[in-house]
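Since we're looking at a predicted model, the values are computed, not measured. Every heavy atom of this structure was used, including side-chain atoms; hydrogens, water molecules and symmetry mates were not.
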Amino acid sequence: MAVYQAAAGILEKLQRKEGAVKTLVYDSGFKNVRRLYALVCETLRYASALEDIITSSELLRGTKKFPLSLATVLVYDLLFGKGLQCGGRWKAVILSHKARLQAELARLKVKKKVSSNEDLVVSLRGAAVGPALPRYVRVNTIKTCMSDVIAYFKRRGYTYLGKARSIEELAELGQKKGKRFLQDLHVPDLLAFPPGTDLHKDSLYTAGHIILQDKASCLPALLLDPPVGSHVIDACAAPGNKTSQLSAIIQNKGKVFAFDLDTKRLATMSTLLLRAGVICQELANQDFLTVSPEDPKYQKVGHILVDPSCSGSGIPDQMRILADKEESAKSERLEALSGFQRRALSHALSFPNVQRVVYSTCSIHQQENEEVVRDVLEQHPHFSLIDALPSWPMHGLNIFPGSSCCLRATLSDTLTNGFFVAVFQRKKKVNESHLPEIPEETTPTCDVEMPNNELEIIQNNGKEAETELMKIAHKKKRKTKSRKKKQKTDKP
């Protein structure tokens, strides 16, 4: 009963506007935060249906001291979840009304002209919210590899459909029945399973070989792309999925400095990293803004990930909660959040040897995204934005030059939670007495034109450009030799 009581308490706090779902879950002190978070979010998804069913079934009539919030959570698990997993008085009350509750659910489906529970959720929101979100699974390359994980699931009866060629292929996972999965087309170490696939008890998950992580949440570490063995800072690290991903990218070598102010979230993160096999981390219960960029400890840091606290408006359940808030309160909160986000991002760019900084939020608000990036970019002219993932289908709002380099994500456009990512790259110092060298990075900055053929090749072909440039250089060399040889033979 403990998890139901904890979830009911969070629902009451949400009603009183005391915080966001994720913050309230971590602050609850409940041991299994993942289970609690899932229960709260799923109950919120069905909130409208549950309210209708509880009212029409007269569940609370004549039942003294039965809180509506607790009844809502229990009825959710009975009708839409895995069934009641508790004992006690309130379970007996719910079960005594089971037939009536099921009848009211069936009547509601007929009334709304839907056949499935998922369709009922969409109908009660007034309009379709887009395709169902796949279950994204990141392969933890610290402990295993993609081919082994694919082979494992094939042995478990899943059909591997290869690498997806489009987002539409990922969406089809939710439209056809069967145990099937795909490799993602944007994130190399990511697999996609049908919506609702539950892998929390799978041995690969419990052993840390796979990590359940939304695709959009994988983008910041992927685009930061620190070299193997480098020193990296994860500025606002908890709950730790991005930290473990960064550790995998640098192959558990070098150092990942991870900061977070919340002690409970940091403790949960430590457990997650232990399970993932991470050994290169250095956790600190410290505000990133108090970290000195001049500290010798961080002089080797060349890459920083800034994923600060945000409104969470990109998470579907959070979007509905935020929409219910008074506009003035929402405006004040966004102003406070964006102020902190500017300070965190600006602080990251002040580290003397940092070469690349990634800024990300799970927000859909321009105030927390493009406006923050624009203002900070003006303060740090030695950095520019780069388009680190040109194949991504959705880009930033056009509010300043170069904003198209930013990435946006939504359920309807990218089949992910709502997200925002911007990649800052330090500009190279140019020696005016020499021609500019070709940058080491193959990704061009958005505010610099590519003036010659060589740089165009870099932009269009990535790593293949190096081979092409070598061919060009070789041809030039051969022509030069041939010309010199001809000049010698022409001499009297």
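- Rounding to the nearest 0.5 Å places CG of Leu199 at 6.0 Å from OG1 of Thr197.
- Between the side chain of Ser313 and the backbone N or O of Ile364 there is at least one donor-acceptor pair closer than 3.5 Å.
- Side chains of Thr361 and Ser363: a donor-acceptor N/O pair is absent below 3.5 angstrom, by distance only.
- When every heavy atom of Ala248 is checked against every heavy atom of Thr141, the shortest pair comes out as CB-OG1, 3.5 Å.
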Show your working on side-chain contact (heavy atoms from CB on, under 4.5 Å) between Leu191 and Tyr136 and close with a plain yes or no. CA-CA 6 Å; Leu191 295 172; Tyr136 289 110; over 6 Å; no

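- Minimum interatomic distance between Glu42 and Tyr76 (heavy atoms only, all atoms of both residues): CB-OH, 3.1 Å.
- Interatomic distance, CG of Leu133 versus CG of Leu173, reported as 11.0 Å (0.5 Å rounding).
- Rounding to the nearest 0.5 Å gives a distance of 8.0 Å between CD of Gln245 and CG of Asp189.
- The minimum heavy-atom distance between Trp392 and Lys215, with the atom names listed, is CZ3-CE, 3.8 Å.
- Looking only at distances, a side-chain donor or acceptor of His395 sits under 3.5 Å from a matching main-chain atom of Ser404.
- Looking only at atom types and distance, the side chain of Thr206 has no donor-acceptor partner in the side chain of Arg275 under 3.5 Å away.
- Annotation for Ala7 and Leu36: closest pair N-CD1, 3.5 Å, computed over non-hydrogen atoms.
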From CA spacing to verdict: ring-ring contact (aromatic ring centres under 6.0 Å, His included), Phe424, Tyr359: CA-CA 8 Å; Phe424 293 76; Tyr359 172 74; 7.4 Å; no

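- Annotation: side chain of Asp375 is not in contact with side chain of Val372 (no heavy-atom distance under 4.5 Å).
- Using modelled atom types, one side-chain atom of Arg138 and one backbone atom of Asn241 make a donor-acceptor pair closer than 3.5 Å.
- For the atom pair NE2 (His303) and CG (Asn353), the distance works out to 12.0 Å, reported to the nearest 0.5 Å.
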After noting the C-alpha distance and the side-chain angles of Phe153 and Phe193, does the key distance pass the ring-ring contact (aromatic ring centres under 6.0 Å, His included) rule? CA-CA 11 Å; Phe153 281 109; Phe193 290 78; 4.8 Å; yes

Begin with the C-alpha distance, continue with both residues' side-chain angles, and end with the deciding distance and a verdict on side-chain contact (heavy atoms from CB on, under 4.5 Å) for Ser244 and Ile211. CA-CA 9 Å; Ser244 69; Ile211 293 170; 3.5 Å; yes

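- Side-chain atoms of Arg426 do not come within 3.5 Å of backbone N or O of His382 as any donor-acceptor pair.
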With side-chain contact (heavy atoms from CB on, under 4.5 Å) as the test, would you mind laying out the steps for Leu161 and Thr159 before giving the verdict? CA-CA 6 Å; Leu161 303 178; Thr159 300; 3.9 Å; yes

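- When every heavy atom of Ser360 is checked against every heavy atom of Asp307, the shortest pair comes out as OG-OD1, 2.7 Å.
- No side-chain heavy atom of Asn369 sits under 4.5 Å from any side-chain heavy atom of Cys406.
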Determine all donor-acceptor pairs shorter than 3.5 Å in which one atom belongs to a side chain in residues 250-261; sequence neighbours excluded.
{"from": "Asn252", "atom 1": "OD1", "to": "Ile279", "atom 2": "N", "distance (Å)": "3.1"}
{"from": "Asn252", "atom 1": "OD1", "to": "Cys280", "atom 2": "N", "distance (Å)": "3.4"}
{"from": "Asn252", "atom 1": "ND2", "to": "Gly277", "atom 2": "O", "distance (Å)": "2.9"}
{"from": "Asp260", "atom 1": "OD1", "to": "Asp262", "atom 2": "N", "distance (Å)": "3.0"}
{"from": "Asp260", "atom 1": "OD2", "to": "Ala238", "atom 2": "N", "distance (Å)": "3.2"}

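- Sequence neighbours left out, the pairs with a member in residues 141-166 that pass salt bridge (charged side-chain N to carboxylate O under 4.0 Å, His left out) are Arg156-Asp202, Arg165-Glu169.
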Could you give me the CA-CA distance, side-chain angles and deciding distance for Gln183 and Leu190, then say whether side-chain contact (heavy atoms from CB on, under 4.5 Å) is met? CA-CA 6 Å; Gln183 184 180 0; Leu190 198 68; over 6 Å; no

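- Considering only heavy atoms from C-beta on, Val373 comes within 4.5 Å of Phe400 through its side chain.
- Side-chain contact annotation: Tyr152 with Ser203, donor-acceptor N/O pair under 3.5 Å present.
- Judged as a side-chain hydrogen bond (donor to acceptor under 3.5 Å, both in side chains), the pairs with a partner in residues 283-297 (not counting sequence neighbours) are, in order, Thr263-Asn285, Glu282-Lys297, Gln286-Thr290.
- By the 4.5 Å heavy-atom criterion applied to side chains, Arg342 and Glu371 are counted as neighbours.
- Tyr298 places a side-chain heavy atom less than 4.5 Å from the side chain of Val291.
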Listing, residues 219-236 side-chain donor-acceptor contacts under 3.5 Å, not counting sequence neighbours, or none:
{"from": "Ser230", "atom 1": "OG", "to": "Pro227", "atom 2": "O", "distance (Å)": "2.7"}
{"from": "Asp234", "atom 1": "OD2", "to": "Thr243", "atom 2": "OG1", "distance (Å)": "2.6"}

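- Gln5 contributes atom CD, which lies 9.0 Å from atom CG of Leu74 (distance to the nearest 0.5 angstrom).
- Residues Ser391 and Leu389 are in side-chain contact: their nearest non-hydrogen atoms beyond the backbone lie under 4.5 Å apart.
- Distance check: His209 NE2 to Thr144 OG1 gives 6.5 Å after rounding to the nearest 0.5 Å.
- Sorted by first then second residue, the ring-ring contact (aromatic ring centres under 6.0 Å, His included) pairs that include residues 266-288, not counting sequence neighbours, are Phe288-His347, Phe288-Phe351.
- Within a 6.0 Å radius of NZ in Lys264, other residues, nucleotides and ligands contribute more than 12 heavy atoms.
- When each of Asn32, Val33, Leu39 is tested with Arg35 by the rule side chain to side chain contact (heavy atoms under 4.5 Å, CB included), just one qualifies, namely Asn32.
- Judged as a salt bridge (charged side-chain N to carboxylate O under 4.0 Å, His left out), and not counting sequence neighbours, the contacts of Arg408 are Glu370.
- Side-chain contact between Leu397 and Ser403: absent, with no pair of heavy atoms (C-beta onward) separated by less than 4.5 Å.
- The shortest side-chain heavy-atom distance between Thr271 and Thr268 does not fall under the 4.5 Å cut-off.
- When atom types are taken as modelled, the side chain of Ser346 and the backbone of Arg343 share no donor-acceptor pair closer than 3.5 angstrom.
- Between the side chains of Gln341 and Glu368, a donor-acceptor pair is found at a separation under 3.5 Å.
- Here the closest heavy-atom approach between residue Leu334 and residue Ser311 is recorded as CD2-CB, 3.8 Å.
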